[in-house]
Undergrad: 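I'd like to ask some things about the structure below.
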Number of protein chains: 2
Amino acid sequence: MAQLRVPVTRRERQREATYDEIVAVAAALLDEGADLSLRAVAARMGMTAPALYRYVANYQQLVDLVAFELDREATAEWAEAAERFAEDDPAARLVVACVRFRQWAVSKPRRFALVFANPIAEEDTERRELLTVSTSGHYFTDLLWEVWDRYRFPFPTLDELDPVIREACLDPLIPAKAERIAHEDRGLMWIYMRSWSALYGVVTLESTGHCDPRVIESGQLFRATLLDWIGPLGLEAERQRLTGILDEELARR
Amino acid sequence: MAQLRVPVTRRERQREATYDEIVAVAAALLDEGADLSLRAVAARMGMTAPALYRYVANYQQLVDLVAFELDREATAEWAEAAERFAEDDPAARLVVACVRFRQWAVSKPRRFALVFANPIAEEDTERRELLTVSTSGHYFTDLLWEVWDRYRFPFPTLDELDPVIREACLDPLIPAKAERIAHEDRGLMWIYMRSWSALYGVVTLESTGHCDPRVIESGQLFRATLLDWIGPLGLEAERQRLTGILDEELARR
DNA sequence: CGAGGAAAGTTTACACCGTTTACCGTTAAT
DNA sequence: ATTAACGGTAAACGGTGTAAACTTTCCTCG
C-alpha cells in the first residue's frame, strides 16, 4: 500500500515547487515582453542556466512545459467564468468560454502564441502526444458534447464520412475527451473539428494581429463567426438569448 | 526626362541583385529546415554578418523582406495555376487559388509561418503598413470582387454595418485592392474579411500542425470549409462544377 | 550511526546569435 | 583629380542553448 501512495518526500515536494516556479517565472517574463529564454528563467530563479537541465531536457521542453501549464491555467479561467451559468445550460457556457478564450488570446498574445501558434512538425510524435492532452481541447469537446446531449443537433453518421475522417473520429489524435462519446456518435468529432477550426481561425487572426486593429477592437468578426454556429449546433430557438450573452460578455472587456 | 527614368546604374543593378540573392539564400535555408539567421544568410553569401547591415537595418527587416518576397513569389504561383480558367470564370479561379494557397502552406510550413503566422504588435505601424501591401491579400480581394461582379451575391450595405466595421471597409488597413470597389459597394470588404478569416483559419491550423495529421492529409477539413462559402458567394448554381474543380485540384497534390 | 550514492548545483567552455564600432579599399560624381 | 559615398572587413560585446566535469547537499540503507 505504502508504495502505491504518491511518495511526497521532502525532495519531491521541492522539485514540484521548482517546476511551479519555472512556469511562474516564464509567464512573468512573457508578460513583460521579454522573450522566453532558458537563461533568463534560470537567472531570475537565482540559478545558472545548466541547472535548469535537471528539470527539462532542452529549451523546447521548457517551452512545452510552460505552454501546457498556461493552457491549463487559462482553461480554468474560462471554465470558471462559464460557471456563472448552470450545468444544464451548456450553450450559454459554451458562448462564455469562447468569448473568454478570445479575450485571453487578444489580451495575452504572447501566451497565445506559445500555446496555440507553436508549429508542430508532422514527425514530432512526442510533442504531438503532448498536444493530445491539452486541457483546453478537452474542455471544449466536453462542452460541445453537452450541448449535443441537450439539443441533439444533427451530425454526420460514421459511414457518411470520408474513411480517413471516420478513423480520425474513432481514434482521435487531437485533444479531445472522446471516451464520453458513444462509439456510434463519434461523428460528433467531425463537428468538433470543424467548429474548432472556425474558432481557432478568427482567434489566431486577431491574436497575431493579421487583421485591422479596429476590427479586432470591435469584436465584430469574432461575433459573426460565433453566430454562424448557432444554427448548426441546434441553438436556433436560443438565438436571441445567446446573442445577448455573447454581447454582454464581449462588452465586459 | 532623364532624371525621371529609373536610374539603373551599374551599382544599383548590383545592389538589386544582392537583394535577390538575400531572399534566395534565405528561402534555401528555410527549406533546409535551418532557421533563418542573419549570420547564416551572410555566411552563405560569402560575406560577414555586419555587411548585411548595408542592406537591412536589422534582423526583423531581413525577415520582413524575405516574407514579402516569398509572398509575392507564392501568389504568382497560385495566380498562374488559376489562369487555367478563363478570366471570365473568376469562381473557378478562386477555387484553384485557394487550393494552391493551402497546398503551399501545408507543403512549405516554414515559409507560411514566416509570411502569415508572424505576430504583428498593435503599435508596430511600420510592419503594419508592410502588411497592407501584401501581394496575396490584394490578389484575393481582387478575385473576390470579380466573383461579385459576375454573380452579384448579397453583401451588407454600409449602414447595416457596425460603425467601426464601416470605417474599416471604407479605409482598409489590411491588404486589399479596394480602389476598384465603388464607394457604395464597400460592404463587400466585410465579406472579404469574413471569408479570409475562414480561409486563414483552416490553412493555419493545417500548416502549423495543430490538427490530426490524417485529417490534413485527407484535405477534408479544408474542402468542407471552402464548400461552406459556395452559397454566400452566390455560386449555388455552380456548386457541382466548382466542387469538381476543388476535388481535382486537391487530388493534384 | 556512518558510508555511499543520487540529486541539485556550479564552473568552464563552445558554438552560435544580433549588433556596434572603427577601419579600408573601390567606385562614382563633381 | 579630388572627394565622398558605397560595400565590405575585423574585432568586440552581450546574449543565446548546450555539454562536460566537478562539488555540495541530502536521503537511504547496512
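Chain letters run A, B, ... following the sequence lines, proteins first and then strands; every chain starts at 1.
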Undergrad: Quick check: do Leu221(B) and Cys211(B) have side-chain heavy atoms less than 4.5 Å from each other?
TA: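 Sidechains of Cys211(B) and Leu221(B): in contact.
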Undergrad: What is the separation between atom CD on Glu16(B) and atom P on dC6(D), rounded to the nearest whole Å?
TA: 15 Å
Undergrad: Between Glu217(B) and Val164(A), is any pair of side-chain heavy atoms under 4.5 Å apart?
TA: no
Undergrad: Can you tell me how far C1' of dG9(C) sits from CD of Gln14(A), to the nearest Å?
TA: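 Atom-to-atom, Gln14(A) to dG9(C), this comes out as 12 Å.
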Undergrad: dT16(D), OP1 or OP2 - any side-chain N/O from Ser37(A) closer than 4.0 Å?
TA: yes
Undergrad: In whole Å, I'd like the distance from the CD atom of Glu12(B) to the P atom of dC6(D).
TA: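 Nearest whole value for this atom pair: 10 Å.
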Undergrad: Check nucleotides 1-6 of chain C for protein N or O atoms closer than 3.5 Å to its own N or O atoms and list the pairs.
TA:
none

Undergrad: Can you confirm whether Leu131(B) sits close enough to Ile174(B) that some side-chain heavy atom of one is under 4.5 Å from a side-chain heavy atom of the other?
TA: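 No, their side chains stay 4.5 Å or more apart.
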Undergrad: Parallel, tilted or perpendicular: which fits the ring planes of Trp104(B) and Trp78(B), with parallel below 30° and perpendicular above 60°?
TA: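 Ring orientation of Trp104(B) relative to Trp78(B): perpendicular.
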Undergrad: Which residue in the set Phe116(A), Tyr200(A), Tyr139(A) passes ring pair (Phe, Tyr, Trp, His ring centres under 6.0 Å) when paired with Phe101(A)?
TA: Phe116(A)
Undergrad: Looking only at the side chains, is there a donor atom on one of Ser134(A) and Asp71(A) sitting less than 3.5 Å from an acceptor on the other?
TA: yes
Undergrad: Does Thr141(A) reach the side chain of Met189(A), with side-chain heavy atoms less than 4.5 Å apart?
TA: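 Sidechains of Met189(A) and Thr141(A): in contact.
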Undergrad: To the nearest angstrom, how far is Met45(A) atom CE from dG9(C) atom C1'?
TA: 12 Å
Undergrad: Rounded to whole Å, please give me the gap between CE in Met47(A) and C1' in dT23(D).
TA: 17 Å
Undergrad: Nearest nucleotide by nearest heavy atom, which residue falls closer to the 5' end of DNA chain C, Arg39(A) or Ala40(B)?
TA: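 Residue closer to the 5' terminus by nearest nucleotide: Arg39(A).
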Undergrad: Is there a side-chain contact between Cys98(A) and Leu226(A) in this structure, where contact means two heavy atoms from C-beta onward sitting under 4.5 Å apart?
TA: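 A side-chain contact under 4.5 Å exists here.
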Undergrad: CG of Leu36(A) versus C1' of dG15(D): gap in Å, rounded?
TA: 15 Å
Undergrad: Can you find a heavy atom in the side chain of Leu199(A) that is under 4.5 Å from one in the side chain of Val203(A)?
TA: yes
Undergrad: Roughly how many Å is it from CG in Leu38(B) to P in dT16(D), rounded to a whole number?
TA: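 Rounded to whole Å, this separation is 18 Å.
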Undergrad: Please work out which residues in residues 50-65 of chain A have a non-hydrogen atom less than 4.0 Å from an atom of DNA chain D and list them by number.
TA: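 Result for residues 50-65 of chain A: Pro50(A), Tyr53(A), Asn58(A), Tyr59(A), sorted by number.
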Undergrad: What integer distance in Å separates Arg13(A):CZ from dA7(C):P?
TA: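 Rounded to whole Å, this separation is 17 Å.
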